[in-house]
Amino acid sequence: MADTASANVADIRLNDALNANNDRQLQQISAATAAEQDVRRRQSVKQDDLLRHYVSEFASLKGDIQRLQRSVNTNDRGNWGSNTILPVVIPPAQIQQLAAVPVRSIKDTVYLKDTIRIRDTITLTKKEILEPEALPVQVIAPVEKVTVVKQAAFDYTAIPADIILFELGKATLQPVYQERLDYIAGILMHQPGLQASITGHTDKSGSPEINKILSLKRAQNVTAYLVEKGVAPSSLRTHSVSFLEPVVAGNSSSASSQNRRVVIKIINK
């Protein structure tokens with residue numbers, strides 16, 4: 001009997017615990033449901049506010065457009081309607097009478113904008129030849145637009161110096177450079193304010209005396225070619241510096257081939 005009573009008490013306690021647990025779960029579910037409903041309500045209110053805002057903005061924009069259209073229509077009527085400021089054309093007979101009156105010529109300058117409306121006119125009125133009751137004469141003058149394009153002067157002195165290379169121990173011009181020298185000759189013949197500085201160089205091979213003579217000979221051959229093409233000798237300045245100003249340091253074959261040269265620079269007189 002005692003065991004049965006203890007079992008019943010245990011069952012009762014177990015049922016109470018299960019019921020309490022179920023009550024807590026129901027409360028949690030109810031709270032979550034209420035929170036979700038509150039979020040949805042807030043979202044709905046926010047969407048309604050946005051919709052009212054968009055409707056208000058649309059109505060305001062529509063009103064602005066309507067006011068702008070009324071303003072444009074009013075301006076058009078003011079420009080081309082009954083209140084136009086264009087002068088009234090007088091009868092041809094009165095124009096002939098006015099044309100017979102001597103008119104003193106007055107020189108003036110009229111500046112016109114690039115964009116001219118189709119119905120625009122130029123009105124010329126001379127007070128001293130019109131009667132007080134006479135109306136101004138409408139004169140439609142043809143307008144010719146002339147565009148003058150001036151080409152800016154090219155700065156030939158900004159062109160990098162031209163390099164003419166030579167073979168070892170020689171001062172003979174190679175044919176590959178003739179086209180470039182012809183171009184330089186053309187510049188100097190058509191630009192009297194320019195001249196060419198022609199400087200001869202050598203590499204370090206050979207004695208200083210031979211290099212001095214060879215560098216001068218190279219510069220002189222370039223000068224002679226330009227003179228033969230028509231360049232005035234006064235537009236040419238010839239120099240030689242032997243091996244003292246190498247463009248590439250060293251005695252390698254690559255450095256020496258680039259140092260055997262004549263440098264041509266266009267400068268102002």
Side-chain angles (χ1 to χ4, degrees), residues 105 107-116 141-269:
S105 176
K107 185 177 181 180
D108 196 4
T109 302
V110 179
Y111 295 92
L112 300 177
K113 293 183 178 179
D114 290 342
T115 303
I116 301 177
V143 179
E144 179 181 2
K145 182 179 178 181
V146 179
T147 302
V148 179
V149 179
K150 293 184 178 180
Q151 183 177 2
F154 183 78
D155 186 10
Y156 290 98
T157 61
I159 299 177
D162 283 275
I163 306 297
I164 309 297
L165 299 180
F166 292 83
E167 296 179 353
L168 177 63
K170 295 183 180 180
T172 304
L173 286 174
Q174 301 183 54
V176 68
Y177 297 110
Q178 291 180 358
E179 183 177 355
R180 187 61 186 173
L181 291 173
D182 293 343
Y183 173 73
I184 296 175
I187 294 176
L188 296 174
M189 287 189 294
H190 291 88
Q191 301 293 331
L194 300 179
Q195 61 181 343
S197 174
I198 304 172
T199 306
H201 301 261
T202 65
D203 57 19
K204 293 184 179 180
S205 62
S207 64
E209 293 79 8
I210 293 178
N211 286 334
K212 182 177 180 180
I213 296 173
L214 183 59
S215 63
L216 179 60
K217 183 64 176 177
R218 288 170 175 170
Q220 289 175 342
N221 285 350
V222 172
T223 301
Y225 183 90
L226 295 175
V227 171
E228 181 182 354
K229 292 297 179 179
V231 180
S234 59
S235 298
L236 303 172
R237 296 173 55 187
T238 304
H239 313 275
S240 64
V241 294
S242 185
F243 59 89
L244 299 178
E245 297 180 5
V247 68
V248 180
N251 296 324
S252 64
S253 104
S254 175
S256 297
S257 64
Q258 297 181 63
N259 290 329
R260 297 190 296 267
R261 72 196 190 282
V262 164
V263 179
I264 307 173
K265 185 71 176 72
I266 296 178
I267 59 177
N268 292 316
K269 285 188 176 180

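Since the structure is predicted, the reported quantities are computational estimates derived from the model, not experimental observations.
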Item to check | Step-by-step side chain to side chain contact (heavy atoms under 4.5 Å, CB included) determination, K229 to L181 | outcome: CA-CA 9 Å; K229 292 297 179 179; L181 291 173; over 6 Å; no
If every non-hydrogen atom of [X] is compared with every non-hydrogen atom of [Y], which pair is closest and at what distance?
X    : Y    : value
A255 : A249 : CB-O, 3.7 Å
S242 : P208 : OG-O, 4.1 Å
A196 : L188 : CB-CD1, 3.8 Å
A219 : V262 : N-CG2, 3.8 Å
R260 : S257 : NH2-CA, 3.5 Å
S256 : D203 : CB-OD2, 3.6 Å

Examine distances only and state if a side-chain atom of [X] and a backbone atom of [Y] form a donor-acceptor pair shorter than 3.5 Å.
X    : Y    : result
K265 : T157 : yes
Q195 : I266 : no
K269 : P192 : yes
R218 : H201 : yes
N211 : S205 : yes
Q174 : L165 : yes

Checklist entry - Does the pair R261 and N259 meet the rule for a side chain to side chain contact (heavy atoms under 4.5 Å, CB included), with working shown? => result CA-CA 6 Å; R261 72 196 190 282; N259 290 329; 3.9 Å; yes
Item to check | Audit row: I198, L226, side chain to side chain contact (heavy atoms under 4.5 Å, CB included) steps and yes/no | outcome: CA-CA 11 Å; I198 304 172; L226 295 175; 3.9 Å; yes
Checklist entry - When you look at D182 and Y225, which way does the side chain to side chain donor-acceptor pair (under 3.5 Å) test go after all the steps? => result CA-CA 9 Å; D182 293 343; Y225 183 90; 2.8 Å; yes
Would you indicate whether the side-chain heavy atoms of [Y] and [X] approach each other to under 4.5 Å?
X    : Y    : result
Q178 : L173 : no
I267 : L194 : no
V263 : I163 : yes

[atom1] of [X] to [atom2] of [Y]: how many Å apart, nearest 0.5 Å?
X    : Y    : atom1 : atom2 : answer
I184 : R180 : CD1   : CZ    : 5.5 Å
E245 : T202 : CD    : OG1   : 11.0 Å
R237 : T199 : CZ    : OG1   : 9.0 Å

Checklist entry - Do F154 and I187 pass the side chain to side chain contact (heavy atoms under 4.5 Å, CB included) test, and can you show the C-alpha distance, the side-chain angles, and the key distance before you say yes or no? => result CA-CA 11 Å; F154 183 78; I187 294 176; over 6 Å; no
Item to check | Stepwise side chain to side chain donor-acceptor pair (under 3.5 Å) test for S240 and K217 | outcome: CA-CA 9 Å; S240 64; K217 183 64 176 177; over 6 Å; no
Checklist entry - Of V231, V222, I264, which is the lone residue that meets side-chain contact (heavy atoms from CB on, under 4.5 Å) with L236? => result V231
